[in-house]
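Values below: all heavy atoms of this structure, side chains included; hydrogens, waters and symmetry mates excluded. Order of the sequence lines sets the chain letters (A, B, ...), proteins ahead of strands, with each chain counted from 1.
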Amino acid sequence: MSGSAFTPILKDEVDIVIPTIRNLDFLEMWRPFFEGYHLIIVQDGDPSKAIKVPQGFDYELYNRNDINRILGPRAHCISFKDSACRCFGFLLSKKKYIFTIDDDCFVAKDPSGKEIDALEQHLKNLLTPSTPFFFNTLYDPYREGTDFVRGYPFSLREGVPTVVSHGLWLNVPDYDAPTQLVKPLERNNRYVDAVMTIPKGTLFPMCGMNLAFNRELIGPAMYFGLMGDGQPVGRYDDMWAGWCMKVISDHLGLGVKTGLPYIWHSKASNPFVNLKKEYKGIYWQEELIPFFQSVSLPKECTTTQKCYIELSKLVKAKLGQVDDYFNKLADAMVTWIEAWDELHPSSGAKSEALPNDLEVFLRCPREESAPRNGIHHVAFNWIRFSSWCLLSVAPLTIFFLHIHLDRDWLPLIVSM
Amino acid sequence: MADTSSHGSPPPPLKDELDIVIPTIRNLDFLEMWRPFFQPYHLIIVQDGDPTKTIKVPPGFDYDLYNRNDINKLLGPRASCISFKDSACRCFGYMVSKKKYIYTIDDDCFVANDPSGLPINALEQHIKNLLCPSTPYFFNTLYDPFREGADYVRGYPFSLREGVPTAVSHGLWLNIPDYDAPTQLVKPLERNTRYVDAVLTIPKGTLFPMCGMNLAFDRDLIGPAMYFGLMGEGQPIGRYDDMWAGWCCKVITDHLGLGIKTGLPYIYHSKASNPFVNLRKEYKGIFWQEDIIPFFQNVVLPKECTTVQKCYIELSKQVKEKLSKVDPYFDKLADAMVTWIEAWDELNPSGASKGKA
């Protein structure tokens, strides 16, 4: 890819947030795709350690001292010694879109051998609508070469704005500790060429390894909870954020996609360490899921922040009895929103992802052919609608002509 | 699974437990291509249209063929619930089958090749889908966790990993996609060339458009809900038969704790139907759909409905109550739904489908 023409799409609208404790060597492989974008690196662990960033990247790096300095007493809501600290990067960003990726995730190849530009695919996902109210059996209807199928209600074909694009992983799959212990050798070799909307009312396990979202629309819900040092649970940060985010997206009429793009996940974490971290979560999950499945947010919650504050109250009321941890977590959720609102005083209004960003995207395609989606798709829908109007009105018109003009139009037209 | 002609290979799966139901009006030449996969199985051919016409079945297949005269003879006055001059008549085949599983396929659907060039044994994949559980309560991001090489992901609640019995396996189509008439008119050249290597469960509470071209189901678990409605001759609508059956099935499977999968297998759909003809058939449906979908999305079946038949009868009452105002057609349809269940119970007296695998 080096030496080829490269146009970072929506360069000024995307931040790439990377939590790290080691080094950022993996960025070398991503250079063709990430160079040109701004990176927010959140250094976890010992702040005195120096993190080497490969040359040529535009970045800011924040360590624990920075987090404490910027948030003051609110800093406690940001996890320490856990990749959950990445959400500090979400908090600080001023961009419209965030892509977050782990430092053991590399560029994958598609079945033809071509390297996958994960960021580009995420942006495509975010810039085209979701379809949470009815399942399309050919998956994302806005992708090139596909559409809504027969039986899909026409009034639902506009879709809703997409707030999250959840990518997947080839090689080491994102398994929990028990599964890793039982199947240490399993690798994900299956490339599933699909993007799909997760239907309204359905929860899913959101993995933070390869994730993008519309920060303006859903950012405040992307709090990764209290994990790591001093906390009783780990490896549930992204899960927690995903469940909160999903109930809020469902409530606000926003969409979540999963599927492409794939990255190549190189490191299998230690399952024994993982089991220690996840242990309580395995049991707590059994309470959390019914909780989230039955959450009902009031109509008055019209912004993400309002939804999130309401959710924090429900967490305290209903999960506080599971473990005191959830009381602390509910408080931290409020702290997070306070921090968010302080750093983003103008946010709270819902904004639309389309069409300006999509226009920019379509004007600067990285591939040969621009994706037939978004605005073009709206045009297609209008052509489609007009066509069937014409075809349905035409026979009626002909009939009226036949009656009123007393001429034999009908056989002539029918014979056409 | 290995070709049955190979010496020492395992027998075709569920050979004596599965019927293949094929509606046809023309001929069954397409069966030649399917021979390696279908020959061991029993076929139920439902001949639509003119019963005096002879349908040629390629030699070597074990089949029963039913035409309109047979339908009238077997069902008597209840025959009115079976559509005439529409592939919806296929559901007659479901009713007369005595097998546990049904696979139904259209006569313009051929064997597809997977990306490696291997012909796809669609029936085998459907059987795999039906024989392993579904996961409707929580979305697994690696799709069907019961497939080889996949599993549940981190964050998937352990108590939900047993899954529920799978009632329906909905396959897809390469080449001519199943588009509605407006889409066909606008995009006559679009072909589905994307092979998506996934099977997934359609979550509880989510409706989908069920296409009857490449479909398998557990007749014991869900058969009575697979009524394909009143279409074709004398009816105001067509090309909503499978859609209707799918929406009824989905609300019932959701209620009974059963699962529906979609995705693999692919077949190769060769014929693009005439979009002008299709528009005429679908026309009313395009509008009615807008009322039908909210109806199904809001259906609540009472706890007492513990069998598919009870669910279906209850559904027919709600159709009559809530959709008749849309058009008197739904009144007739609700009655036909009851007739269907009466006919089903008469032909299948051994017991109500309780939703247990």
Quiz item: With respect to chain A, which residue among B:Met243, B:Arg191, B:His170 yields the maximal number of heavy-atom pairs within a distance under 4.5 Å?
Solution: B:Met243
Quiz item: Side chain, backbone, both or neither: which part of A:Lys183 has a non-hydrogen atom closer than 4.5 Å to chain B?
Solution: side chain
Exercise. Could you tell me which of A:Asn136, A:Leu156, A:Asn274, A:Leu168 has the largest number of non-hydrogen atom pairs under 4.5 Å with chain B?
Key: A:Leu168
Exercise. Side chain from CB out, backbone as N, CA, C, O: work out which of these in A:Leu138 comes under 4.5 Å of a heavy atom of chain B, or both, or neither.
Key: side chain
Practice problem: Check whether any side-chain N or O of B:Asp106 sits under 3.5 Å from a backbone N or O of B:Asp108 as a donor-acceptor pair, and report yes or no. | Solution: no
Practice problem: Name the region of B:Tyr152, side chain, backbone, both or neither, that has any atom closer than 4.5 Å to a heavy atom of chain A. | Solution: backbone
Quiz item: Measuring heavy-atom distances to chain B, does A:Thr137 have an atom under 4.5 Å in its side chain, in its backbone, in both, or in neither?
Solution: both
Quiz item: Relative to chain B, which segment of A:Pro111 carries a heavy atom at a distance below 4.5 Å: side chain, backbone, both, or neither?
Solution: neither
Quiz prompt | Toward chain A, the part of B:Leu207 with a non-hydrogen atom under 4.5 Å | solution = both
Quiz item: Non-hydrogen atoms of chain B under 4.5 Å away: do they reach the side chain of A:Tyr191, the backbone, both or neither?
Solution: backbone
Exercise. Examine the side chains of A:His166 and A:Asn125 and answer whether a donor and an acceptor come within less than 3.5 Å of each other.
Key: no
Self-check item: Part of B:Ile292 within contact of chain A (heavy atom distance under 4.5 Å)
Solution: neither
Quiz item: Would B:Lys281 and B:Asp241 pass as an ion pair if we require N to O under 4.0 Å?
Solution: no
Quiz item: Have A:Gln293 and B:Tyr137 got a donor and an acceptor in their side chains that come within less than 3.5 Å?
Solution: no
Quiz prompt | Approximate separation, where rounding is to 0.5 Å, of A:Ser83 OG and A:Asp238 CG | solution = 7.0 Å
Quiz item: Given that the side chain runs from C-beta out, which part of A:Pro173 has a heavy atom under 4.5 Å from chain B: side chain, backbone, both or neither?
Solution: side chain
Quiz item: Between B:Leu200, B:Ile202, B:Asp178, which shows the greatest number of heavy-atom pairs under 4.5 Å with chain A?
Solution: B:Asp178
Exercise. Could you look at A:Ser155 and say if it's the side chain, the backbone, both or neither that has a heavy atom under 4.5 Å from chain B?
Key: both
Quiz item: Is it true that B:Arg147 and B:Asp197 make a salt bridge, defined as a side-chain N closer than 4.0 Å to a carboxylate O?
Solution: yes
Self-check item: Face-on cation placement of B:Arg280 at B:Tyr283 ring, 6.0 Å and 45° thresholds
Solution: no
Quiz item: Just checking, any donor-acceptor pair under 3.5 angstrom between side chains of A:Asp147 and A:Tyr142?
Solution: no
Self-check item: Top contributor to chain B contacts, counting heavy-atom pairs under 4.5 Å, from A:Met196, A:Glu278, A:Met206
Solution: A:Met196
Practice problem: Check whether any side-chain N or O of B:Ser134 sits under 3.5 Å from a backbone N or O of B:Lys261 as a donor-acceptor pair, and report yes or no. | Solution: no
Exercise. Please test A:Asp250 against A:Lys200 for salt bridge (Lys or Arg N to Asp or Glu O under 4.0 Å), starting from the C-alpha separation and ending with a verdict.
Key: CA-CA 6 Å; A:Asp250 284 354; A:Lys200 177 177 177 171; over 6 Å; no
Exercise. Answer with yes or no whether the side chains of A:Asn210 and A:His122 bring together a donor and an acceptor at under 3.5 Å.
Key: yes
Self-check item: Part of A:Arg235 within contact of chain B (heavy atom distance under 4.5 Å)
Solution: both
Self-check item: Under 4.5 Å from any heavy atom of chain B - which part of A:Asn189
Solution: neither
Exercise. Name the option with the most non-hydrogen atom pairs under 4.5 Å to chain A; the candidates are B:Pro157, B:Ala181, B:Gly285, B:Pro203.
Key: B:Pro157
Quiz prompt | Side chain / backbone / both / neither for B:Gln184 at chain A, heavy atoms under 4.5 Å | solution = neither
